[in-house]
Every structure is written in structure tokens, then in C-alpha cells.
Amino acid sequence: MTDSLPTQQFASDNYAGICPEAWSAMEQANRGSATAYGEDAWTLRAADAFRDLFAADCDVYFVFNGTAANSLALAALCQSYHSVICSSSAHVETDECGAPEFFSNGSKLLVAQSKDGKLTPESIRALATGRSDIHFPKPRVVTITQPTETGQVYTRAEIAAISATCRELGLKLHMDGARFAHACATLGCTPAEITWQAGVDVLCFGGTKNGMAAGEAVIYFDRTLAEDFAYRCKQAGQLASKMRYLSGPWIGVLETGAWLANARHANACAQRLAAAVTDAKGLELIFPVEANAVFLAAPEAVLDGLRARGWRFYTFIGGGARFMFAWDADPAQVDRLASDCIVLARESALVPA
Ligand SMILES: *Cc1c(COP(=O)(O)O)cnc(C)c1O
């Protein structure tokens with residue numbers, strides 16, 4: 001074993017470590033003993049920090065990861081004969097191994113085809129009203145991802161229009177906010193403005209991709225929807241006995257403002273890469289860069305060349321190479337990646353196809 005640090009990669013924003021604010025809060029929570037199962041002062045303070053951040057008397061639950069947060073939140077809104085409207089690239093559809101269906105005892109996901117992962121009032125209405133007979137699972141919830149899996153951000157107006165459609169059709173609105181902080185950073189709005197003030201009923205606020213070791217917060221703006229949610233968490237193996245280590249880091253990132261600063265930095269690094277490659281021949285941005293993701297289309301030779309130079313990236317989401325930036329992304333390393341992309345694209349353009 002060597003102790004040398006591996007070169008920073010941008011294949012996933014989950015490659016990053018723990019930010020200093022979360023780490024220090026964890027360290028403070030580690031001094032002495034505390035009550036178990038969320039009955040401790042850290043957990044109370046973290047929940048209060050969320051109520052301050054959202055300027056709302058919301059109900060807050062801490063779970064280990066995003067799959068659990070989304071699945072349990074959706075399950076709480078559904079009976080087994082209900083259905084959930086989502087986009088074709090939604091994490092709940094493509095990356096949760098059927099957990100939303102499993103935890104809801106069979107609620108079906110109704111999928112709207114969408115290139116950038118966004119739902120619209122029209123696509124929701126089409127799925128919600130296409131069938132109303134007893135043979136089809138009854139539409140009950142809409143879930144939107146903010147920002148989407150390909151890094152697009154819903155505006156306040158878009159969310160408000162979706163929620164108006166939901167109210168009209170008797171649907172609840174859930175938001176997968178695995179990168180919620182990044183959307184707030186992009187829009188320059190308060191967390192309240194794009195959640196409860198725009199009609200969102202439940203938000204899964206991601207901590208892991210925002211600089212924490214683990215943990216997402218499930219936030220109910222309508223407390224009546226959270227009835228028995230604590231039991232659901234416990235049954236699903238999501239009730240941490242030493243809850244302070246799951247909740248404490250939130251105090252660190254929320255009270256210091258690191259949640260937003262981390263997201264701003266990550267977004268800025270995505271913009272840095274996008275700006276560097278945008279005019280390069282042979283390279284193309286597949287999606288508008290609105291958060292911390294860059295999806296790059298390039299000839300196979302360029303992608304192979306990047307791999308040969310040691311860069312890691314995924315190509316199974318959105319097509320092309322995906323690069324994700326985290327709170328700790330090093331701008332000099334972003335510049336190295338940009339320069340390799342440009343040099344390889346230039347070389348590949350010189351080789352006859
Ligand atoms: C990462 C992510 C999640 C959570 O994934 P886990 O691995 O279960 O923590 C949820 N939604 C989206 C859009 C994500 O990118």
C-alpha cells in the first residue's frame with residue numbers, strides 16, 4: 001500500500017471526500033455520548049437548521065442515501081395500486097433497482113420520454129389523463145429531479161406550472177434533489193422559492209453530492225403526508241441508531257453556508273470545462289451546462305485517447321462522456337482535462353476517417 005493520493009477524477013461527484021464543514025461538525029458530534037435514534041441535540045439542531053433554511057415548519061427525516069430517500073418518500077405518498085409519473089431518465093426509473101416499486105409494494109412508474117429529463121405540464125397531463133379506468137394504476141404522484149440527471153435546472157416558473165397541473169389533477173409533487181443545492185446556486189433563489197412556495201410537497205435534499213460522507217434529508221412541507229414516515233424508515237433499515245453522525249454534518253454545511261458555496265464551486269468548475277471546450281472542433285456539449293455536469297460528445301478516438309491518458313468517465317448516461325464536479329474540484333485539474341480534450345480532438349481531426 002502506498003499513501004500517494006490518486007489523481008483527481010471527474011467521473012462522479014461521489015468520488016469527492018468530505019468537506020471540512022461536514023467533517024468538523026461530525027468531529028464535534030463525536031465528543032461524548034448522546035441519545036440514540038434521533039432523540040439527540042444534534043438531530044434536533046439539524047432539523048431546525050432546515051426549518052430556518054426553508055423558512056417553513058417542515059418535518060425532516062435523515063436517511064443514508066438517495067435511493068432510500070426517494071423510494072420511501074414516494075412509497076409514503078402511494079398505495080400499491082397507485083402510479084408515479086417520472087421522466088425516462090429519472091434516477092428512480094433508471095438507477096434505483098426497482099426500489100420505488102419495492103418499497104411501495106408495487107406502485108408503478110409511468111414514464112414520460114424526455115431527452116433532458118424534464119417533465120412538462122403537457123407530458124404530465126398526457127400520462128395522468130390517458131387512462132382513468134380501473135384496469136390501470138391510478139396516477140397519484142409526480143416526481144421531478146432538480147437539477148435533472150443531465151444537469152438541467154427547472155426554473156421557478158416551470159416548477160410552479162407543474163405544481164398547478166398537479167393540483168388540478170389531484171397529484172402530489174415530489175422533488176428528487178440529490179443535487180438540490182446546485183440548482184439553488186444556478187437560480188440564485190432561496191430554497192423556499194423552488195420548493196414549498198412553488199408547490200412541492202416533499203423534497204429529498206442530497207447531502208452526499210454536496211460534500212457529506214453520507215446522508216439525504218427527506219423534507220415534508222405538508223406534515224400530514226409524513227404520517228408514520230418514521231416507521232417506514234425503521235422498517236426499511238434507514239433509522240440510524242447513532243443518528244447524530246447522519247444529522248450532525250448537516251449542521252456544519254447549513255449553518256456555515258457551505259451547502260451553497262460547495263455547489264457554486266462545483267457549478268463553476270463545470271462552466272470552466274464547458275467554456276474551454278465549447279469552440280473546439282470535434283467536441284460538442286450534448287446538454288446545456290446549468291449545474292455541475294458536462295456531457296461531451298466526441299469521436300470514439302478522442303474518448304479512447306482520454307482513457308489512455310488516465311481519465312475516467314461514464315458514457316451510459318445521456319450519451320457521450322459525462323464529467324461531474326464536486327465541492328473539491330481543482331480548477332487546475334479541470335484545465336488539464338480541458339486541454340487533453342482539445343488536443344485529442346485536434347489530433348483526431350487530422351486522421352482521415
Ligand atoms: C446520486 C443520485 C441519487 C441518489 O443515489 P444514491 O446512490 O442512492 O445515494 C438520487 N437521484 C439522483 C438524480 C442522483 O444523481
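Just follow the structure's listing: the first ligand is 1, and inside any ligand the first atom is 1.
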Write none if no such pair exists; otherwise list each N/O atom of ligand 1 with its protein N/O partner under 3.5 Å and the distance.
from: ligand 1; atom 1: 8 (O); to: Gly66; atom 2: N; distance (Å): 3.4
from: ligand 1; atom 1: 8 (O); to: Thr67; atom 2: N; distance (Å): 2.8
from: ligand 1; atom 1: 8 (O); to: Thr67; atom 2: OG1; distance (Å): 2.5
from: ligand 1; atom 1: 9 (O); to: Gly66; atom 2: N; distance (Å): 2.9
from: ligand 1; atom 1: 11 (N); to: Asp176; atom 2: OD1; distance (Å): 3.2
from: ligand 1; atom 1: 11 (N); to: Asp176; atom 2: OD2; distance (Å): 2.7
from: ligand 1; atom 1: 15 (O); to: Arg179; atom 2: NH1; distance (Å): 3.0
from: ligand 1; atom 1: 15 (O); to: Lys209; atom 2: NZ; distance (Å): 2.6

Could you check whether the rings of Phe54 and Phe205 sit parallel, tilted or perpendicular, using 30° and 60° as the cut-offs? perpendicular
Is Lys209 positioned over the aromatic face of Phe180, cation under 6.0 angstrom from the ring centre and no more than 45 degrees off axis? no
Do Glu149 side-chain atoms and His91 backbone N/O form a donor-acceptor pair below 3.5 Å? yes
The reported gap from OH in Tyr61 to CG in Asp59 (rounded to nearest 0.5 angstrom) is 3.5 Å
Assert yes or no for the condition that the ring centre distance of Phe50 to Trp250 is strictly below 6.0 Å. yes
Could you list the residues that satisfy side-chain contact (heavy atoms from CB on, under 4.5 Å) with Arg131, not counting sequence neighbours? Asp133, His135, Phe136
